[in-house]
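Heads up: the structure comes next, in structure tokens.
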Amino acid sequence: MATSGLFSKPMPAYFRQTTKLLDALETETSMLQSATISECLPLLTAVDDPSRSPFDFNEFGLPSLEKEEHIQFLQENLAELPAPFVGIDASRPWMVYWALLGLHLLGEDVSLFRSRVVKTFYSMQNTTGGFGGGFGQYSHLAGTYAGLLSLALVGGEEAYSLIDRKAMWHWLGRLKEKDGGFRICEEGEEDVRGAYCALVALSLLGLPLSLPPDSPAREGGFELFTDGLGEYLSRCQTYEGGIASSPGSEAHGAYAFCTIACLCLHGAPHDMGRFLDMDGLLSWLSARQYAPEGGLAGRTNKLVDGCYSHWVGTCWPLVEAALDGPRDPIKGVGRIVSENLYSSEGLARYILCCCQGPEGGLRDKPSKYPDSYHTCYNLVGLSNIEHAHTYANAESSDPFASAFTWEAARAQTRSEGDPASIFETGAQVRSLNPVFVIPHDRALKMRTWAAARPLEP
Ligand code: FPP
Ligand code: ZN
Ligand code: K
């Protein structure tokens, strides 16, 4: 452990210098990796020369989270029309969701946006079920997911009753396929995003688990939305141990999250091992974190990026809880959870040192500009680090029940000198339900509202 000149607390050497083991072969990949280390190291070690950083540092050499600036950045983003967005299927539902979730995590009351959000989504819903990316666009499960989560975030009768649940059920039935998976839209591709988003919709909206009569999956002998699903997801795990969008593709963090969260809806988290090789998954997930950057990458030989603080980072509480099993019903939430299986200190350093833009908003890496997508998912990463997540055994035949039992406690502060103690002066980001990626109570409230209004299949 090297000690910074200005601060008394130790900062591990592996966050301060480039690894000594470097392959002599130079490729485009290795050069991009070196360039990324070069842009991160000065910020990671800025405690040595605070003039390199616009932020104040705590005694562990961590910059503070610039909450006011990030709140302002997200509020401006919510006011503007969406800019063209690279890298993800961008659309208005997502822009709304990222801004609302980010604001909530930072302590804002997003229910104030209820009327605006309801108005926005009113025009995006199709009478044939689901939400499109905007008025007149075909329904898409990704936009529907972001839309439902936004409505859950603002909450209230006005938001819930906007959703045509019966039409949603029929539409989801048309997306379920004979091999157990889901298409992302009618005649669109089938992948694990579809499966995760579909189960989020079914569970939050309390829709019947039986497939509508016109579902193509009935021809495959399936009767329930969950039939054949675990087996389909299992086929998406690759030789690397990670999980791909669909069978035969490359493992990627975003699809790993969709699959693992989907399995936490499909059944109890500790049953994940029925469908995934957990040893392979752990080894692949661990390899997504780099030093000295401390951040997470989405796939083998690619670069760290702040958004994987969620896509890869939120796999960790789900997998850790799956390995721990349900909360002890007697000892309750206070139970000692297993140690983090990744370096939460490294991730915190990457997010706080490298991903905060000097004028608000968080980013992919120092050479990129902040946007609401990276702001939201970096904050989710901090939230995961600051909380310990547990779930309970749900005494119910309802396969989704356990997803609503998750609870978060503040991560325990351990002995002095322990990496966890760097959060003594923590960022104080709010907690989330790691399966739905919205607050626990907002998921439960939508579900409870729906359960009081059962739909007949
Ligand atoms: C690669 O981008 C990104 C992907 C292959 C996955 C994109 C999918 C999502 C972000 C998740 C969608 C989830 C839901 C719930 C709809 P890249 O090649 O630019 O990035 P990389 O170099 O980091 O792999
Ligand atoms: Zn990114
Ligand atoms: K944790």
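For ligands, and for the atoms within them, numbers begin at 1 and follow the listed sequence. Residue indices begin at 1 and follow the sequence shown.
Residue Y145 places no N or O, backbone or side chain, under 3.5 Å from any N or O of ligand 1.
Those atoms of ligand 1 that come under 4.0 Å of a heavy atom in W94, given as number and element, are 16 (C). Atoms of ligand 1 found under 4.0 Å from any heavy atom of Y373, numbered from 1 in the order shown, are 10 (C). The atoms of ligand 1 that sit less than 4.0 Å from any heavy atom of W311 are 10 (C), 11 (C), 13 (C). The ligand atoms of ligand 1 that sit less than 4.0 angstrom from a heavy atom of Y308 are 20 (O), 21 (P), 23 (O), 24 (O).
Proximity of C307 to ligand 1, defined as any heavy-atom pair under 4.0 Å, is not found for any part of the residue. Contacts of Y377 with ligand 1, taken as heavy-atom pairs under 4.0 Å, are absent altogether.
Within the 4.0 Å heavy-atom cutoff, Y255 counts among the residues contacting ligand 1.
Applying the 6.0 Å contact sphere to CD of Q72 captures no more than 12 heavy atoms from other residues, nucleotides or ligands. No more than 12 heavy-atom neighbours from other residues, nucleotides or ligands sit within 6.0 angstrom of CD on E359.
The residue from E250, H310, R299 that puts a heavy atom closest to atom 18 (O) of ligand 1 is R299.
Of all non-hydrogen atoms in T29 and N301, the two that sit nearest each other are CG2-O, 3.2 Å. Across all non-hydrogen atoms, the minimal contact from A261 to V435 is O-CG1, 3.8 Å.
Among the atoms of D305, an N, O or S atom falls under 2.8 Å from the Zn ion (ligand 2).
Side-chain rings of Y308 and H252 approach one another, their centers coming within less than 6.0 Å. For Y377 and Y373, the ring centers are positioned less than 6.0 Å apart.
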Exercise answer: donor-acceptor pairs, residues 228-235 side-chain atoms, under 3.5 Å, sequence neighbours excluded:
unit_1: S234; atom_1: OG; unit_2: F275; atom_2: O; d: 2.9
unit_1: R235; atom_1: NH2; unit_2: D179; atom_2: O; d: 2.9

